[in-house]
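One-based numbering, in listed order, for ligands and for the atoms of each.
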Amino acid sequence: MRITAHAAAETQSFPTLSKLHISREAMLHNVRLIRSQLPLGTKVCAMVKADAYGHGADLVVDTLCNFEFEGLPSPAVDQLGVATLDEASALPQMLPILVLRPIESFYIAEQREAIESAIAFGWILNVQTVGAVDDLAKLAMRVGRAAKLHVMIDTGMTREGCPPEMLSVLLTRISAYQSLQLVSVGTHFASADEPESAFVAGQFGRFVATIDGTIDKLAPGVLRHVSNSGATFLAPRTHLDMVRPGISLYGIDPTGQPNRNRALRPIAKWTAPILAIQNCPRGTSVGYGQTWTAQRDTRIGLLPIGYADGYVRNLSSKGIVLHGKTPLPVVGRVSMDQITIDLENVPGAQVGDEITLLDNDPLSPVSAYALAQMSGTIPYEVFTRIGPRVKRVAVEQ
Ligand SMILES: *Cc1c(COP(=O)(O)O)cnc(C)c1O
């Protein structure tokens with residue numbers, strides 16, 4: 001018998017040392033805060049692409065679909081948004097799923113089976129070219145079910161989407177096929193994280209003008225949606241029929257700074273235990289390249305996470321972790337699987353003590369905001385790079 005690595009892993013349950021604790025309550029609190037910004041009846045498409053921004057799509061979608069919270073009904077949202085067909089197929093099929101990556105003719109042949117099952121599942125597919133529309137119409141006929149389509153209009157992001165002047169042609173083509181059903185149109189803002197952004201106003205104006213110019217081709221019931229988290233909170237004019245929040249669901253303020261007036265609650269806390277402690281006399285160097293040397297006698301704690309887990313290497317001798325409330329410095333290079341911390345400020349620290357790498361308190365020195373700042377990125381990237389070895393666990397079962 002051939003034993004695959006996968007089979008071997010299934011027969012044993014290894015304890016995981018490093019965990020990403022996900023609070024369902026905090027998440028539903030955030031949904032409620034988002035809903036409180038919206039007129040009644042405005043729908044919410046929860047963006048759960050990239051494994052729910054690294055938080056674990058299974059857990060996040062389970063929370064959104066199966067839990068009630070302080071008057072928020074279940075499911076808490078109306079639609080789920082992902083980037084790829086693979087991401088869509090990994091989700092429970094409970095709510096409409098919007099797949100953002102545009103379907104393009106050049107790969108339709110190669111992905112025919114995946115796209116046919118996407119049509120059969122009723123996922124909403126994003127199209128931006130007449131060629132893709134024609135190809136999808138044919139596949140939908142083979143499947144025997146109308147393909148649901150979304151059209152993104154590029155109003156200034158210069159990324160995906162159909163140019164405004166092409167919309168009319170595209171919609172005419174879609175309506176020519178019985179096997180296609182247009183369910184939504186949208187656009188995406190380039191700078192919705194800035195309050196009062198003139199660029200957002202310009203993009204929104206272009207979107208509305210483009211839609212108005214083709215209104216005869218939009219069947220009633222076609223949803224118009226444009227707002228990411230930034231626009232949901234900062235540009236209420238843009239809410240239209242549905243909003244598409246991502247980062248705010250996970251409790252991060254769209255401005256990238258904690259905001260006391262908008263009490264979003266970060267839903268993730270990343271911890272790892274101290275795996276070992278070494279006594280380090282003054283003058284001892286730590287880690288690859290001897291980049292850090294003890295200036296005094298101290299104790300060095302070893303944590304079982306490294307850059308392969310998303311604790312980036314540029315936090316070498318720069319990162320901070322928490323023992324309880326006490327901040328401790330990361331010393332020496334971040335390795336692939338391990339980091340080392342200076343325990344001088346917690347003489348009582350022991351092997352097994354839980355250390356916080358990423359805190360769910362927005363004002364913590366190791367909040368996602370702070371970690372992003374320390375490592376020169378944004379909270380989105382802090383979350384999405386947390387690797388698969390870190391187990392996602394629910395705080396509330
Ligand atoms: C990721 C994404 C969103 C969500 O953006 P946030 O800034 O995380 O709220 C909305 N719309 C589209 C098209 C996206 O790709």
Side-chain angles (χ1 to χ4, degrees), residues 27 30-31 33-35 37-38 42-55 57 60-61 64 76-88 91 96-103 123-128 149-162 183-195 197 199-200 203-204 207 223-236 238-257 259 262 264-268 368-369 372 377-385:
M27 170 147 230
N30 297 334
V31 175
L33 199 66
I34 289 165
R35 287 223 180 257
Q37 310 294 306
L38 307 174
T42 306
K43 292 175 190 280
V44 176
C45 174
M47 300 308 297
V48 296
K49 61 195 181 195
D51 200 25
Y53 289 43
H55 291 73
V60 161
V61 171
L64 292 173
V77 297
D78 305 283
Q79 226 176 76
L80 301 172
V82 294
T84 68
L85 296 170
D86 285 342
E87 288 176 358
L91 297 181
I97 297 175
L98 170 65
V99 184
L100 285 171
R101 180 164 299 163
I103 304 286
W123 302 340
I124 302 161
L125 305 175
N126 186 12
V127 285
Q128 57 185 14
L149 302 186
H150 170 78
V151 173
M152 267 301 185
I153 305 164
D154 189 347
T155 57
M157 179 81 163
T158 319
R159 216 176 51 174
E160 88 272 17
C162 115
V183 299
S184 50
V185 292
T187 194
H188 192 45
F189 293 129
S191 41
D193 48 338
E194 298 162 18
S197 161
F199 203 79
V200 167
Q203 283 194 273
F204 187 62
F207 178 77
L223 298 176
R224 301 156 306 155
H225 54 78
V226 300
S227 307
N228 55 5
S229 298
T232 299
F233 284 98
L234 305 173
T238 67
H239 290 163
L240 300 178
D241 304 314
M242 182 163 81
V243 296
R244 301 188 308 260
I247 198 74
S248 54
L249 288 174
Y250 308 103
I252 297 302
D253 197 84
T255 59
Q257 305 292 332
N259 184 327
R262 240 188 331 264
L264 289 164
R265 288 172 54 191
I267 73 165
Y369 305 103
T377 185
I378 53 176
Y380 297 75
E381 199 186 10
V382 169
F383 293 129
T384 53
R385 67 195 175 191

- Dump the intermediate steps for side chain to side chain contact (heavy atoms under 4.5 Å, CB included) on Q128 and D154, then the final yes or no. CA-CA 10 Å; Q128 57 185 14; D154 189 347; over 6 Å; no
Tabulate below the donor-acceptor pairs under 3.5 Å that side-chain atoms of residues 377-384 make, not counting sequence neighbours, or state none.
| residue | atom | partner | partner atom | Å |
| --- | --- | --- | --- | --- |
| T377 | OG1 | E381 | OE1 | 2.2 |
| T384 | OG1 | Y380 | O | 3.0 |

- Task: With the side chain counted from C-beta on, respond yes when I252 and L264 share a heavy-atom pair under 4.5 Å apart, and no when they do not.
- Result: no
Give every pair formed by an N or O atom of ligand 1 and a protein N or O atom closer than 3.5 Å, one pair per line with both atom names and the distance to 0.1 Å, or write none.
| residue | atom | partner | partner atom | Å |
| --- | --- | --- | --- | --- |
| ligand 1 | 7 (O) | Y380 | OH | 2.6 |
| ligand 1 | 8 (O) | Y53 | OH | 2.5 |
| ligand 1 | 8 (O) | I247 | N | 2.8 |
| ligand 1 | 9 (O) | S229 | N | 2.8 |
| ligand 1 | 9 (O) | S229 | OG | 2.5 |
| ligand 1 | 9 (O) | G246 | N | 2.8 |
| ligand 1 | 11 (N) | H188 | ND1 | 3.4 |
| ligand 1 | 11 (N) | R244 | NE | 2.9 |
| ligand 1 | 11 (N) | R244 | NH2 | 3.3 |
| ligand 1 | 15 (O) | K49 | NZ | 2.6 |

- Message: By the definition side chain to side chain donor-acceptor pair (under 3.5 Å), identify the one residue from Q79, H239, R244 that meets it with H225.
- Response: R244
- Query: Does a side-chain heavy-atom distance below 4.5 Å link V44 with V31?
  - Reply: no
- Message: Given 3.5 Å as the limit, does a donor-acceptor pair link the side chain of D241 with the main chain of R224, or not?
- Response: yes
